[in-house]
Amino acid sequence: MDPAFFARPAAVVAADLIGHTLLVAGVGGIVVETEAYDREDPASHSFAGPTRRNASMFGPPGHAYVYRSYGLHWCLNLVCEPASAVLLRALEPTDGLDAMRARRGLSEPRLLCAGPGRLSQALAINLVQDGLPLDRPPFAWREPAAPVNVAAGTRIGISRGVETPWRFVLAGSRFVSKPLPRPRD
DNA sequence: CATTTGATGTCCT
DNA sequence: GGACATCAAATGC
């Protein structure tokens with residue numbers, strides 16, 4: 001993955017990432033769900049300025065930002081333009097299924113990485129990875145094998161900025177944490 | 001199927 | 001003290 005890939009607006013990177021494969025220490029899968037957050041976004045951790053927790057978000061693009069959510073889950077973000085990031089919300093598991101199952105307990109493959117907390121548990125993400133560059137081990141990337149059909153919607157689990165359509169999914173994937181709402185007919 | 005609940009870190013007022 | 005980018009298990013249809 002070219003470091004310049006991340007040095008763009010988070011919403012652009014979030015959409016482009018769909019279909020890429022992410023591996024962490026050889027374990028991972030196809031990115032099927034992302035969300036974008038930026039400095040002007042009231043739902044973003046960077047909205048209120050730098051703190052100890054979100055320091056990585058104010059660092060250089062192309063690095064990881066890991067934070068704890070609801071006191072117990074880890075969430076993996078990819079830092080883009082200054083104070084913006086992409087939250088990885090779901091993968092279609094392809095590599096290291098046994099390691100993921102061991103970390104998550106016996107769980108059906110569809111739920112191994114369907115959600116930011118589950119994904120982080122399956123890939124053994126924690127504060128150790130916070131601030132690490134994404135273009136070097138343990139991180140590895142593969143380009144999409146075929147053209148990707150990306151669908152957009154509103155983000156999940158937030159109470160401010162709810163209208164911003166910065167959630168991106170691989171169209172038709174059954175590995176997302178929650179299906180996109182049906183288009184109005 | 002939907003809704004509720006408990007787990008409890010970090011930042012905010 | 002309250003809010004929060006969550007999850008899994010328990011409960012009520």
Side-chain angles (χ1 to χ4, degrees), chain A residues 6 9-18 22 24 29 31-59 61 63-93 99-131 134 150-170 173-182:
Chain A
F6 293 105
V12 174
V13 176
D16 277 1
L17 269 175
I18 301 295
L22 167 65
V24 179
V31 177
V32 297
E33 182 179 354
T34 59
E35 285 179 2
Y37 293 85
D38 80 5
R39 182 77 209 248
E40 278 73 49
D41 174 6
S44 172
H45 284 179
S46 59
F47 183 70
T51 65
R52 178 145 64 260
R53 174 174 68 153
N54 67 18
S56 294
M57 238 182 131
F58 289 85
H63 289 238
Y65 164 46
V66 179
Y67 70 89
R68 204 190 271 279
S69 170
Y70 289 90
L72 42 157
H73 305 291
W74 297 106
C75 292
L76 173 60
N77 298 254
L78 315 174
V79 179
C80 300
E81 281 187 334
S84 77
V86 172
L87 169 65
L88 285 183
R89 288 193 53 90
L91 303 181
E92 175 179 341
M100 295 191 216
R101 273 191 283 263
R103 289 164 182 162
R104 298 243 327 116
L106 293 175
S107 187
E108 65 166 306
R110 202 179 64 77
L111 294 178
L112 278 178
C113 298
R118 292 163 171 166
L119 183 160
S120 297
Q121 187 179 20
L123 301 196
I125 296 295
N126 53 58
L127 232 34
V128 170
Q129 284 85 18
D130 186 41
L134 298 169
V150 178
T154 54
R155 296 172 293 181
I156 292 181
I158 56 174
S159 55
R160 287 141 67 200
V162 292
E163 299 297 323
T164 309
W166 278 2
R167 175 175 181 242
F168 303 94
V169 303
L170 179 61
S173 173
R174 62 192 191 90
F175 291 91
V176 299
S177 65
K178 193 168 175 235
L180 221 51
R182 295 288 300 270

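Residue numbering restarts at 1 for every chain, and letters A, B, ... go by the order of the sequence lines.
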Rounded to whole angstrom units, what separation is found between the [atom1] atom of [X] and the [atom2] atom of [N]?
{"X": "A:Asn54", "N": "C:dC4", "atom1": "CG", "atom2": "P", "answer": "17 Å"}
{"X": "A:Met57", "N": "B:dC11", "atom1": "CE", "atom2": "P", "answer": "14 Å"}
{"X": "A:Gln121", "N": "C:dT6", "atom1": "CD", "atom2": "C1'", "answer": "12 Å"}
{"X": "A:Leu87", "N": "C:dC4", "atom1": "CG", "atom2": "C1'", "answer": "13 Å"}
{"X": "A:Ile125", "N": "C:dT6", "atom1": "CD1", "atom2": "P", "answer": "17 Å"}
{"X": "A:His45", "N": "B:dG9", "atom1": "NE2", "atom2": "P", "answer": "16 Å"}
{"X": "A:Glu33", "N": "C:dT6", "atom1": "CD", "atom2": "C1'", "answer": "13 Å"}
{"X": "A:Tyr67", "N": "B:dG9", "atom1": "OH", "atom2": "P", "answer": "16 Å"}

Does [X] place a side-chain N or O at less than 4.0 Å from the phosphate oxygens OP1/OP2 of [N]?
{"X": "A:Thr51", "N": "B:dC11", "answer": "yes"}
{"X": "A:Arg68", "N": "C:dA5", "answer": "no"}
{"X": "A:Arg89", "N": "C:dT6", "answer": "yes"}
{"X": "A:Arg118", "N": "C:dA8", "answer": "yes"}

Review point. Taking the same atom, C1', in C:dA8 and in B:dT10, what whole-Å distance lies between them?
Key: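 Their C1' atoms lie roughly 23 Å apart.
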Practice item. Give one of base, sugar-phosphate or nothing for A:Asn77, where a contact means two heavy atoms less than 4.0 Å apart. Key: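 Base, at least one base heavy atom under 4.0 Å.
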Check your understanding: Touch check for A:Arg167, heavy atoms < 4.0 angstrom, all strands: base, sugar-phosphate only, or nothing?
Key ->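 Nothing, no heavy atom under 4.0 Å.
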Check your understanding: Donor-acceptor pair, A:Arg104 side chain versus A:Met100 backbone, under 3.5 Å?
Key ->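 No; zero donor-acceptor contacts below 3.5 Å.
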**Study point:** Check: A:His45 side chain, A:Asn54 main-chain N or O, donor-acceptor pair, under 3.5 Å
**Key:**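 No, the answer is negative, given that no donor and acceptor are paired below the 3.5 Å cut-off.
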Practice item. May I ask you to test the A:Trp166-A:Arg155 pair for a side-chain heavy-atom distance under 4.5 Å? Key: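 They are in side-chain contact.
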Using a cut-off of under 3.5 Å, enumerate the N/O to N/O pairs linking the protein to nucleotides 2-8 of chain B.
none

Check your understanding: Does C:dT11 pair with anything, Watson-Crick or G-U wobble, both distances under 3.5 Å, and if so, with which nucleotide?
Key ->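 Looking at the geometry, C:dT11 pairs with B:dA2.
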Check your understanding: Under a 3.5 Å cut-off for both distances, is B:dT8 Watson-Crick or wobble paired, and to whom?
Key ->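 Base-paired to nothing in any strand shown.
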Distance-only side-chain donor-acceptor flag, [X] / [Y], under 3.5 Å:
{"X": "A:Asp38", "Y": "A:Ser44", "result": "no"}
{"X": "A:Arg103", "Y": "A:Gln121", "result": "no"}
{"X": "A:Ser46", "Y": "A:Arg39", "result": "no"}

Review point. Could you give the distance from CZ (A:Phe168) to CD (A:Glu33), rounded to the nearest 0.5 Å?
Key: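 So the CZ of A:Phe168 and the CD of A:Glu33 are separated by 11.5 Å.
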Review point. Which of the following nucleotides, B:dT10, C:dA5, C:dC7, is nearest to the side chain of A:Arg53?
Key: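 Per side-chain heavy atoms of A:Arg53, the pick is B:dT10.
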Point to revise | Nucleotide nearest A:Ser44 (side chain, heavy atoms from C-beta), chosen from C:dA8, C:dA5, C:dC7 | key: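 Of all the options, the side chain of A:Ser44 is nearest to C:dA5.
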Review point. Would one find more than 12 heavy atoms of other residues, nucleotides or ligands at under 6.0 Å from atom CD of A:Glu163?
Key: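 No - once you tally the heavy atoms of other residues, nucleotides and ligands closer than 6.0 Å, there are 12 at most.
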